[in-house]
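Not measured: the values here are computed from a predicted model. Atoms within each ligand, like the ligands themselves, are counted from 1 in listed order.
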Amino acid sequence: MSDLITGLARPQIVGTVICTILMAIGSALFHQVLTKTPLPPKAPKQWTKNDWPIVGAWRFYKRRRDMYLEAQRSTETGNFSFYVGKKLIVGLSGSEGKKTFFDNRELSISQGNADLLTGVPAPESNEFYQLFTKVLTTLLRTPNLVGVLNHFKADSRRAFDGLIDAPLARRGQDWRVMNPFDFMQRLIYQLTVRATGAREVAEDPKVLESTLRMISEFEGRASYTRIYFPWLPTINYMIQMLNGIKMYMIFDKIIKDRKKSGKTVDDPFQRLMDDGLSVQDIVAFEIAALVAGLINSTIHAAYLPIYWATNSECKARVKEEVDGAVAKYRASEDQSPADVLDTLSLDQWETEFKFIDLSLRESIRLGQPGTAFRKNTTNNNIPIGNTGEVIPPDTYVAYLVDNTGLSEDIYRDPLTFNPRRFENNVTEEMRQPHSYLGWGSGRHICLGMRLAKLEVTMVNAYLVSQFDFELSDEHGNSRSEPLAPINRNLHQFNRPAEPVYLRYRSREVSGSSVQ
Ligand code: HEM
């Protein structure tokens, strides 16, 4: 083996290998240039400002919103075409563009996402997409959610007990400090595994941690280079593949162990096995569901207490709501607030926390940078409403979500966090179709919405029932400077660039516990 390695390391051989790789890349680039199709007739006007040869519109991945707004302003209809590598993308805007994007049944969401959202392993084939959505929908029905509810409560209790046991921020103080994004990520991930996966993962801290790291990497190691050059084996892509193999081995082992021992486990994973799904389909389902479940739910679960901590009216309102539910369902005086929450049914979790729900709705409206994608997979032009323009066959479509979520025509003072806007002051514009895109709109509504709402509500109700919290630095010093604004050029919502901390203390200690 060592001879082989020394042999391969010889300068001539290294040189030959490098030359071969460079020639392969060179000829692929040449092919890319030669085979780029010209703009089809009737496609919206092409936007080429700042384009690079071969690559095309690099700003779409570097400064997406800036490029999009500039391009849409440059055309009469607000629609425009551009190339990313060889891929033709039509950017839609305006009412006709928006209606086409969200209502047209011939535009494929799975193909659009698979090709343009690298990092998120969107189901590539239509058959798998059908299977994925069918299984997810079944798992998130009432009987299955009721089945995992006690695990949700127990996991949440354990996580919050851990917060109580954490060391004090400073001697002589009663504050402790957490990074809400780290805390929520671990807990939300565990709950999502409970709802869609295997107990062997949810209940083994080591496996939970290692799979969480791999699932986070699917998103964190997005390789935009591969969107331009799908054939390029980038390092990030290789790491994603490696993580895919490791996840496969973990799930394959669980399946084999269960089969060998003849043991059946009462969890969603067993349901997939009993339904006869292949190992490949189970693994692909688990990865897709866990990635979809992790990204948005975690970030919003962590942002809610941050928003509340910076807005005294909201903080008072959420406390009132949670304390009200605790008082309403308390069966005996010796029950702690968390004990009471442990007794709530699925229906009570889904109906008693309206302000948390409104806060989530508002957090999503504010935290939805980037574009949604579709692809015209038919052989026909798809008309863009009555504009006279079309989406040609084999073309991708994008819609900048901020065009709606931050529209001053729909939302007054759109950059302010104000959950009450959905409660009172609902304007005529807010009642129009496609005026809120937070959970999707038209033909594609989020299939995980019920799970996400349940998770975010539950973890935040446990938090508010037990703790006072404020923004702080990592040492527990109160923080007064405002958070940096959300980077609207992001492709999707993420943690703030600078870490944000919450200091917290038990409400029993501070004397503000619900009586
Ligand atoms: C706060 C958390 C979440 C937010 C804000 C969110 C948001 C969205 C949005 C905006 C869409 C539509 C995308 C488009 O039109 O292109 C969508 C679709 C989808 N979401 Fe979520 N989502 C969340 C959580 C989840 C979870 C937990 C899961 C699953 C475990 C999930 C699974 C899906 C799926 C499968 C679709 C595609 C639906 C279809 O193809 O019709 N989401 N989500």
Chemist: Could you tell me whether Ala289 approaches ligand 1 through its side chain, its backbone, both or neither, with non-hydrogen atoms closer than 4.0 Å?
Modeler: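 Under 4.0 Å from ligand 1, Ala289 contributes backbone atoms alone.
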Chemist: Below 4.0 Å from ligand 1: does a non-hydrogen atom of Ile364 turn up there or not?
Modeler: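 It does; at least one heavy atom falls under 4.0 Å.
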Chemist: Looking at Arg374, which atoms of ligand 1 are within less than 4.0 Å of one of its heavy atoms?
Modeler: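 Here the atoms of ligand 1 in question are 14 (C), 15 (O), 16 (O).
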Chemist: Considering only non-hydrogen protein atoms, determine which one is nearest to atom 27 (C) of ligand 1 and report residue, atom name and distance to 0.1 Å.
Modeler: Gly293 CA, 3.4 Å
Chemist: Go through the steps for Arg186 and Asp155 under the test salt bridge (charged side-chain N to carboxylate O under 4.0 Å, His left out), then give the verdict.
Modeler: CA-CA 10 Å; Arg186 206 159 294 123; Asp155 292 342; over 6 Å; no
Chemist: Would the Phe373 and Tyr399 ring centres measure less than 6.0 Å apart?
Modeler: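 That pair fails the under 6.0 Å test.
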Chemist: How far is atom 2 (C) of ligand 1 from the closest protein heavy atom, and which atom is that?
Modeler: Asn296 CB, 3.3 Å
Chemist: Hey, which atoms in ligand 1 end up nearer than 4.0 Å to a heavy atom of Leu437?
Modeler: 10 (C)
Chemist: I'd like the name of whichever of Ala301, Gly112, Gly440, Gly438 reaches closest to atom 7 (C) of ligand 1 through any heavy atom.
Modeler: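 It is Gly438 whose heavy atom sits nearest to atom 7 (C) of ligand 1.
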Chemist: Under a 3.5 Å threshold, yes or no: a donor from one side chain and an acceptor from the other, between Ser359 and Trp308?
Modeler: yes
Chemist: Are Glu428 and Arg431 ion-paired here, with the side-chain N under 4.0 Å from a carboxylate O?
Modeler: yes
Chemist: Return the residue, atom name and 0.1 Å-rounded distance of the protein heavy atom closest to atom 28 (C) of ligand 1.
Modeler: Gly448 CA, 3.4 Å
Chemist: How far is atom 36 (C) of ligand 1 from its nearest protein heavy atom, and which residue and atom name does that atom have?
Modeler: Leu447 N, 4.0 Å
Chemist: Given the side-chain rings of Tyr504 and Phe469, with only the six-membered ring counted for Trp, is the space between their centroids under 6.0 Å?
Modeler: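 No; Phe469 has its ring centre 6.0 Å or more from that of Tyr504.
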Chemist: Any N or O of His444 that comes nearer than 3.5 Å to an N or O of ligand 1?
Modeler: yes
Chemist: Check each atom of ligand 1 against the heavy atoms of Tyr129 and keep those under 4.0 Å away; list them by number with element.
Modeler: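 Per the distance check, 39 (C), 40 (O), 41 (O).
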Chemist: List every atom of ligand 1 that sits less than 4.0 Å from any heavy atom of Ser297, numbering the atoms from 1 in the order shown and giving each element.
Modeler: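 The atoms of ligand 1 under 4.0 Å from a heavy atom of Ser297 are 1 (C), 2 (C), 24 (C), 27 (C).
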Chemist: Suppose I only count heavy atoms of Gln368 and a 4.0 Å limit; which atoms of ligand 1 are within that range?
Modeler: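 Answer, ordered by atom number: 10 (C).
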Chemist: Surrounding CE of Met249 (heavy atoms of other residues, nucleotides or ligands, distance under 6.0 Å), is the total greater than 12?
Modeler: no
Chemist: Taking side-chain hydrogen bond (donor to acceptor under 3.5 Å, both in side chains) as the cut-off, I'd like each qualifying pair that reaches into residues 290-305, sequence neighbours left out, listed once.
Modeler: His300-Ser363
Chemist: Give the single entry among Ile445, Leu454, Leu140, Thr196 that approaches atom 38 (C) of ligand 1 most closely by any heavy atom.
Modeler: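 Comparing heavy atoms across Ile445, Leu454, Leu140, Thr196, the nearest one to atom 38 (C) of ligand 1 lies in Ile445.
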Chemist: Within the 4.0 Å heavy-atom shell around Ala372, which atoms of ligand 1 are there?
Modeler: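 Per the distance check, 16 (O).
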Chemist: Heavy-atom count around Asp266 CG within 6.0 Å, excluding the residue itself: above 12?
Modeler: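 Not buried by this count: 12 neighbours or fewer within 6.0 Å.
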Chemist: Angle between ring planes, Phe82 versus Phe60, binned at 30° and 60°: parallel, tilted or perpendicular?
Modeler: tilted
Chemist: Before we go on, tell me: are the rings of Phe160 and Phe183 under 6.0 Å apart, centre to centre?
Modeler: yes
Chemist: Tell me, which protein residue and heavy-atom name are nearest atom 13 (C) of ligand 1, and how many Å apart are they?
Modeler: Ile109 CD1, 4.2 Å
Chemist: Going by the atom numbers of ligand 1, which of them fall below 4.0 Å from some non-hydrogen atom of Phe132?
Modeler: 35 (C)
Chemist: Using distance alone, with no hydrogens and no angle criterion, decide if Thr142 and Arg450 have a side-chain donor and acceptor under 3.5 Å apart.
Modeler: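 Their side chains do contain a donor-acceptor pair, which is all the 3.5 Å distance test asks for.
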Chemist: For atom 25 (C) of ligand 1, tell me which residue out of Gly367, Cys446, Ser441 has the closest non-hydrogen atom.
Modeler: Cys446
